[in-house]
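In what follows, a single structure is set out as structure tokens and then discussed.
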Amino acid sequence: MDKYEKVFELAKRRGFLWNSFELYGGSRGFYDYGPLGSTLKRRIEQTWREFYVIQEGHMEIECPTIGIEEVFIASGHVGGFSDPLCECMNCKEAFRADHLVENVTDAAGTLSAEDLTKVIREKGVKCPECGGEFGEAYEFNLMFKTTIGPGTGRQGYLRPETAQGMFVDFQRLSRFYRDKLPFGAVQIGKSYRNEIAPRQGVIRLREFTQAECEIFVDPRNKKHPNFERFADRELALYSQKGQQQGETIRMTVREAVETGVIAHEVLGYNIALTNEFLTKVGMNPAKLRFRQHLKDEMAHYAIDCWDAEIETERFGWVEIVGIADRTDYDLKAHARVSKTDLYVYVEYDEPKMVTRFVVKPNMGKLGPLFKGKAKAVADALKQLSEEELSLSKDQIKVTVDGEELTVSSDVVDFAEETVKVSGENVIPHVIEPSYGIDRIFYGVMEHAFDEENVAQKAVESGLKGAEEVEKAEETKKELEAVKGESEGESEEEARLVMHFTSAVAPVQVAVLPLLTRKELADPAKEIVSRLREKSLLVNYDDSGTIGRRYRRNDEIGTPYSVTVDYNTLEDGTVTIRDRDSMRQIRAPINGIENMLYELIYRGRNFESAGKSFNF
RNA sequence: GCGUUGAUGGUCUAGUGGCUAUGACUUGGGCCUUCCAAGCCCAAAACCCGGGUUCGAAUCCCGGUCGGCGCACCA
């Protein structure tokens with residue numbers, strides 16, 4: 001069993017992750033989050049909100065998961081989010097149609113499905129597997145299609161990313177932020193892609209959760225006002241150059257921006273912020289790096305793009321966050337399709353006096369001359385440059401609707417004017433951190449997962465019984481030596497632990513009466529309700545021996561366990577057990593809820609929380 | 001989508017034409033004055049789906065579904 005299998009086995013067994021529709025045999029690319037999985041996921045999302053919404057001030061919006069066609073025409077998903085496929089009629093194998101004709105025609109990637117079919121027919125391209133004939137090429141679009149309204153309705157698509165919502169709402173958002181750059185907005189929600197072959201568990205799904213942030217900045221100023229916050233933070237950067245040499249370089253954000261490894265401060269700040277977030281939710285910093293997109297994999301409009309990647313045992317380095325400077329591409333695209341200018345008016349510090357060339361058609365004369373066309377002629381005149389106008393003496397030629405017209409120069413005035421300009425319209429650039437929550441969820445699970453040798457652990461933590469354990473281990477080894485190598489793997493007691501950080505652990509405190517007896521259960525239940533009043537996530541468990549319950553809680557990553565025993569009845573104290581060290585302290589019930597709150601949220605030192613206690 | 005391989009209680013697994021289908025762990029109920037899965041009693045729980053061959057299929061054959069891997073595809 002590799003780590004992936006172990007993590008998945010635990011996830012299934014303990015209610016983190018289940019295959020969807022299992023009752024009916026399941027369907028690929030869909031997963032259910034069980035009770036603990038849901039909670040863990042929500043806490044990851046909540047931590048993300050704390051970072052982006054509360055700290056960064058990028059407010060959250062919520063748009064429909066179904067989008068109308070125009071949105072995805074503008075975004076390019078209707079045309080571009082698909083691949084031309086072509087199936088062999090003999091062996092049914094599907095191929096990328098553009099790949100098939102790569103060697104027999106130019107610019108195969110730009111051809112339509114129809115053209116591809118034509119080329120395949122003309123050049124007699126045969127199936128590379130069996131030599132069979134090909135059927136027609138067709139576009140396989142990765143978007144789920146649906147119909148809005150009854151009948152044929154209106155074409156709609158399930159959104160393939162949440163980002164478009166922020167772009168479509170740009171004007172409203174701009175108004176909300178009182179038209180002042182920079183501003184940002186986020187969205188956490190489901191997106192859908194009809195993957196041809198979903199694989200790798202929760203790494204590639206057909207329905208998945210994204211947390212995306214779009215930060216609109218002034219393209220002329222990509223400095224970050226709070227850059228100093230992370231400037232000296234060291235990051236593992238796998239830059240374009242680093243990838244050629246195959247090495248990840250550790251350097252500070254400041255260094256990276258100054259030397260041009262990272263394009264600018266805003267991007268640098270957001271990469272560092274991502275690093276901070278991922279560490280907070282429990283990613284192992286040693287298995288985390290930022291990889292820069294290579295020139296040819298970066299979208300043509302992007303200036304710079306970095307992926308946060310985590311190392312997993314089975315899948316290697318997996319992308320979990322993309323942080324890109326998408327420039328003004330998206331806003332321009334929506335402006336074009338919607339025929340609405342999308343910009344922010346930016347006022348200058350000082351109004352500028354600008355000299356410019358102005359053309360003023362005389363409508364009083366143009367009107368009678370050209371009647372209905374007068375407006376179009378005037379517009380055409382306005383488009384002319386100073387040179388064009390001064391070159392043509394008496395007669396000015398313009399083209400309107402393909403028709404060449406001659407206009408006498410006395411119907412138009414032109415002159416240089418000096419005007420006061422106090423600002424200009426700016427199409428913001430977009431910095432986009434885009435998180436794949438499901439992948440992060442898996443990463444958190446895998447990085448938190450640990451199998452420990454209990455005996456060794458006891459020694460490390462100085463627990464009672466450690467010496468006996470050591471002796472027992474020795475005698476065991478001697479026995480094995482006598483027996484020979486036959487049983488290489490002795491039955492070492494293993495402990496499965498999820499080392500969730502307290503920021504995301506789906507259960508924060510377990511309350512355990514030592515025995516299932518009323519006199520112990522009652523005070524335990526009393527503790528439970530007091531912890532719940534502090535909004536702590538509590539698990540009451542009285543089933544099985546105490547050791548078994550500790551292990552159960554280790555497996556679901558409960559950071560602290562409170563045990564009520566007979567001493568509790570005498571002196572009003574309970575034991576608190578720390579998941580990671582397995583150490584215990586004795587603390588009074590009085591104020592226990594505040595104590596645990598401090599341990600969990602205020603980073604209070606465990607040993608300081610009570611008297612060390614060893615059974 | 002193709003190839004390959006697998007599918008038995010919650011989990012891991014034995015069985016490969018003739019059962020009432022192993023075993024372990026887990027789980028539930030109870031007992032237990034004491035802390036790291038190992039005490040005692042009791043209980044619950046499975047042959048992926050459809051078709052075929054056969055007197056008889058969990059077992060053989062075909063198809064499907066789901067999982068792993070490789071190819072292809074993809075962020």
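In what follows, every heavy atom counts, from backbone to side chain, and hydrogens, waters and symmetry copies are set aside. Below, chain A is the first sequence line, B the second, and so on; all start at residue 1. Here the structure is a predicted model, which is why all the values come from computation and not from measurement.
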Have a look at [X] and say if it touches a base, only the backbone sugar-phosphate, or nothing, with a 4.0 Å heavy-atom cut-off.
X: F30(A); value: nothing
X: S27(A); value: sugar-phosphate
X: D554(A); value: nothing
X: R549(A); value: nothing
X: R13(A); value: sugar-phosphate
X: S434(A); value: nothing
X: R314(A); value: sugar-phosphate
X: E22(A); value: nothing
X: G436(A); value: nothing
X: E319(A); value: base
X: E555(A); value: base
X: I546(A); value: sugar-phosphate

To the side chain of [X], which of [options] is closest?
X: D565(A); options: C35(B), A75(B), U33(B); value: C35(B)
X: R28(A); options: C74(B), G29(B), C66(B); value: C66(B)
X: R548(A); options: C36(B), G67(B), A38(B); value: A38(B)
X: R552(A); options: C32(B), G28(B), C73(B); value: G28(B)
X: F315(A); options: C66(B), U27(B), C69(B); value: C69(B)

Mind checking the [atom1] distance from [N] to [M]? Whole angstroms is fine.
N: C32(B); M: A14(B); atom1: P; answer: 40 Å
N: A24(B); M: U8(B); atom1: C1'; answer: 15 Å
N: G39(B); M: C12(B); atom1: P; answer: 24 Å
N: G17(B); M: G29(B); atom1: C1'; answer: 41 Å
N: U5(B); M: A43(B); atom1: P; answer: 44 Å

Pair Y442(A) + Y4(A): ring centers closer than 6.0 Å: yes
Using Watson-Crick or G-U wobble geometry with both distances below 3.5 Å, tell me the partner of [N], or none.
N: A58(B); answer: none
N: C71(B); answer: G1(B)
N: A37(B); answer: none
N: G63(B); answer: C49(B)
N: G17(B); answer: none
N: A24(B); answer: U11(B)

How many whole angstroms separate atom NZ of K12(A) from atom P of G10(B)? 11 Å
Nearest-Å distance, CG (L17(A)) to C1' (C66(B))? 15 Å
Regarding [X] and [Y], does a basic nitrogen lie under 4.0 Å from an acidic carboxylate oxygen?
X: E555(A); Y: R13(A); answer: yes
X: D542(A); Y: K525(A); answer: no
X: R291(A); Y: E319(A); answer: no
X: D565(A); Y: R586(A); answer: yes

Looking only at heavy atoms, the pair that brings Y52(A) and C213(A) closest together is CD2-SG, 3.9 Å
Please state whether the rings of Y301(A) and Y329(A) are parallel, tilted or perpendicular, taking 30° and 60° as the class boundaries. parallel
Does any donor-acceptor pair link the side chain of R577(A) with the base of C36(B) at a separation under 3.5 Å? yes
